[in-house]
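Reading through the structure tokens given below for one structure.
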Amino acid sequence: MSPASRADCEALDAADALGRLRRQFRIPEGLIYLDGNSLGPVPESVSGALAQAVERDWGRGLVRSWNNADWIELPQRIGAAIARLIGAEADEVIVADSTSVNLFKVLSAALRMRPDRAVILSEPGNFPTDLYIAQGLIEQLGGRHTLRLVERDALGQAIGPDVAAVMLTQVDYRSGHRLDLEAISARARAAGAITIWDLAHSAGAFEVDLNAAGADFAVGCGYKYLNGGPGAPAFLFVARRHQQAFTQPLSGWMGHARPFAFETGYQPASGIGRYLCGTPPVLSMIALERGVDTVLAALGHGGMAALRAKSVALCELFIEQVERRCAAFGLTLASPRDASSRGSQVSFASADGDSGYAIIQALIARGVIGDFRAPDILRFGFAPLYVRHVDAWDAAEALAEIMRTEAWNRPEFLTRQAVT
């Protein structure tokens with residue numbers, strides 16, 4: 001049963017076994033942070049880790065720290081940690097580059113693995129960078145391939161014998177709608193197609209089991225639910241059965257079998273190491289490692305199942321309170337009502353884009369941080385590592401007050417900034 005009062009929310013927070021994990025983060029007093037689905041907050045441990053890396057390892061160790069501080073193993077080490085959160089083996093995940101670059105790698109490989117097929121299947125609501133990468137790769141390959149976009153509810157029927165790769169984001173970045181990764185992967189496998197999953201809004205938010213689903217490839221970013229910091233390196237997953245057959249389109253020196261032999265010809269490393277390209281960004285990776293640690297800490301407090309249960313409770317509370325308080329103000333639920341079809345976010349559609357953007361700006365001015373996504377989506381992330389029940393209650397109350405008073409209808413809130 002959803003809490004009926006703020007006091008009920010306080011009681012739930014006091015009894016929450018995950019509540020102590022909030023202390024892992026530096027969240028300003030009085031701020032309600034509901035944008036971890038865009039950028040996770042800074043872990044308390046990051047400052048010390050970076051200071052040590054700068055002052056001791058870089059400052060005094062200098063180039064020796066590639067060995068002495070084990071910088072060279074960061075991509076594999078953090079990849080193995082992320083593997084624990086997405087249902088993969090330690091040697092199936094590596095950290096490198098950005099989500100877009102990693103998608104280019106695995107999509108290129110998937111098309112080479114299915115040379116007799118010419119269709120990349122996706123959906124029009126996929127995150128734009130994924131579609132852009134596919135379009136660019138198609139052009140580079142001479143236009144022989146086609147990007148076919150179908151609506152989410154028709155994806156299963158659209159996977160036919162001409163489909164080389166099924167390229168999807170599990171959780172829709174606007175609405176939070178969650179695809180059935182296991183069912184779609186099974187359908188693709190039966191049709192002989194390769195699956196590529198973007199886990200940007202999944203990894204660290206709820207249980208993902210890539211190997212149980214029989215997924216082929218996956219990519220994801222490090223700065224959302226993994227709390228790795230702005231522009232944190234991304235990760236990629238390659239099922240072990242594909243690793244030796246994978247052709248790396250970005251054959252950089254770090255993916256070479258012997259990078260420090262400095263040979264003229266490229267020879268790919270065996271296993272997951274071949275998916276590296278250039279030199280790893282050490283300081284960014286150190287921050288990401290601390291961010292991943294914050295999620296791993298939940299494994300000792302009920303694991304991803306406990307995180308998911310709390311996420312669902314927070315989202316349900318917020319939906320109920322917003323609909324009860326804002327029914328007369330033109331906000332409509334844009335996320336699935338069924339929690340099993342929803343990620344760890346809640347989205348509401350506004351009457352129009354201008355008012356939607358302004359509403360979010362007015363909320364931010366009151367210390368409630370969500371974000372806006374065109375054309376008309378108010379988006380709120382509920383990362384259960386640090387979001388409390390009282391946060392969901394207070395955010396709904398602040399939103400209702402802004403709508404009731406039309407406090408959003410002010411020039412400073414209606415003026416668009418570069419980042420929305």
Side-chain angles (χ1 to χ4, degrees), residues 79 82-83 85-89 91-94 99-127 129-131 133-134 137-138 145-173 177-203 206-221 234-249 272 275 341 343:
I82 293 172
L85 304 174
I86 59 174
E89 297 297 329
D91 62 354
E92 293 179 312
V93 182
I94 200 159
T99 306
S100 298
V101 172
N102 287 335
L103 180 61
F104 179 87
K105 295 175 190 175
V106 298
L107 180 56
S108 174
L111 297 182
R112 291 191 63 151
M113 291 167 65
R114 295 293 183 268
D116 57 335
R117 300 181 180 211
V119 173
I120 302 167
L121 182 68
S122 192
E123 51 103 5
N126 201 352
F127 192 67
T129 194
D130 294 22
L131 302 181
I133 290 294
L137 180 58
I138 287 170
H145 295 83
T146 301
L147 177 61
R148 181 182 299 164
L149 304 180
V150 301
E151 296 298 332
R152 283 193 153 211
D153 57 3
L155 283 167
Q157 295 75 27
I159 304 174
D162 59 345
V163 174
V166 180
M167 180 189 73
L168 297 168
T169 300
Q170 186 184 17
V171 175
D172 185 284
Y173 75 102
H177 181 265
R178 175 179 171 181
L179 288 171
D180 189 331
L181 187 150
E182 185 170 358
I184 292 175
S185 295
R187 176 70 185 88
R189 188 165 58 253
I194 298 292
T195 50
I196 302 170
W197 289 98
D198 186 333
L199 303 180
H201 291 270
S202 307
F206 53 80
E207 310 100 313
V208 177
D209 198 335
L210 292 172
N211 278 330
D216 297 302
F217 300 114
V219 297
C221 69
F235 66 88
L236 64 83
F237 157 87
V238 179
R240 192 181 287 160
R241 63 186 177 276
H242 296 315
Q243 289 184 6
Q244 296 306 110
F246 182 98
T247 301
Q248 163 67 290
I272 197 69
Y275 312 111
S341 298

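What you see is a predicted model; the values in this text were computed from it and never measured.
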On a heavy-atom basis, the closest approach of T129 and S100 is OG1-OG, 2.7 Å
Value for CD1 (I194) from CZ (R114), rounded to nearest 0.5 Å, stands at 4.0 Å
- Start with the C-alpha gap between D198 and L103, add the side-chain angles, then the distance that decides, and say whether side-chain contact (heavy atoms from CB on, under 4.5 Å) holds. CA-CA 8 Å; D198 186 333; L103 180 61; 5.7 Å; no
When every non-hydrogen atom of V166 is compared with those of A188, the smallest separation belongs to CG2-CB, 4.1 Å
Residues passing the side-chain hydrogen bond (donor to acceptor under 3.5 Å, both in side chains) test with T146, sequence neighbours excluded, are none
Main-chain N/O of G125 paired with E123 side-chain donor or acceptor, under 3.5 Å: yes
- [ ] Start with the C-alpha distance between L149 and L131, add both sets of side-chain angles, then the distance that settles side-chain contact (heavy atoms from CB on, under 4.5 Å), and finish with yes or no.
- [x] CA-CA 9 Å; L149 304 180; L131 302 181; 3.9 Å; yes
**Flag side-chain contact, heavy atom, 4.5 Å: T99 against F127** = no
CG (D153) and CG (L179) are apart, to the nearest 0.5 Å, by 10.5 Å
On a heavy-atom basis, the closest approach of A134 and M167 is CB-CE, 3.9 Å
I159 and V163 have their tightest heavy-atom pair at CA-CG2, 4.2 Å
(request) Output, in order, the C-alpha distance, side-chain angles, deciding distance and verdict of side-chain contact (heavy atoms from CB on, under 4.5 Å) for L181 and L199. (result) CA-CA 10 Å; L181 187 150; L199 303 180; 4.2 Å; yes
Between the CD1 atom in I120 and the NE2 atom in H145, the distance rounded to the nearest 0.5 Å is 6.5 Å
Here the gap from L85 atom CG to S202 atom OG, rounded to the nearest 0.5 Å, amounts to 12.0 Å
For a side-chain contact (heavy atoms from CB on, under 4.5 Å) check, start with the C-alpha distance between W197 and V208, then their side-chain angles and the critical distance, and finish with the verdict.
CA-CA 11 Å; W197 289 98; V208 177; over 6 Å; no
Heavy-atom closest pair (L155 atom, I184 atom, distance to 0.1 Å) is CD1-CD1, 4.4 Å
- Side-chain heavy-atom pair L137, L111 within 4.5 angstrom cut-off: yes
Determine yes or no for a side-chain-to-main-chain donor-acceptor pair under 3.5 angstrom, with R178 supplying the side chain and Q170 the backbone.
no
Rounded to the nearest 0.5 angstrom, the CG-OG1 distance for N126 and T169 is 3.5 Å
Nearest heavy-atom contact between C221 and F235 is O-CE2, 3.9 Å
Taken in chain and number order and not counting sequence neighbours, the residues that satisfy ring pair (Phe, Tyr, Trp, His ring centres under 6.0 Å) with Y275 are F246
Between R148 (side chain only) and L121 (backbone N and O only), is there a donor and an acceptor less than 3.5 Å apart?
no
Rounded to the nearest 0.5 Å, the CG atom of D116 sits from the CG atom of D162 at a distance of 10.5 Å
R152 side-chain N/O to H177 backbone N/O, donor-acceptor pair under 3.5 Å: yes
Pairs of donor and acceptor atoms involving the side chains of residues 210-218, under 3.5 Å and at least two apart or interchain, shall be tabulated with distances.
residue: N211; atom: ND2; partner: G87; partner atom: O; Å: 3.4
residue: N211; atom: ND2; partner: E92; partner atom: OE1; Å: 2.7
residue: D216; atom: OD1; partner: R241; partner atom: NH2; Å: 3.0
residue: D216; atom: OD1; partner: H242; partner atom: NE2; Å: 2.7
residue: D216; atom: OD2; partner: T195; partner atom: N; Å: 2.9
residue: D216; atom: OD2; partner: T195; partner atom: OG1; Å: 3.1

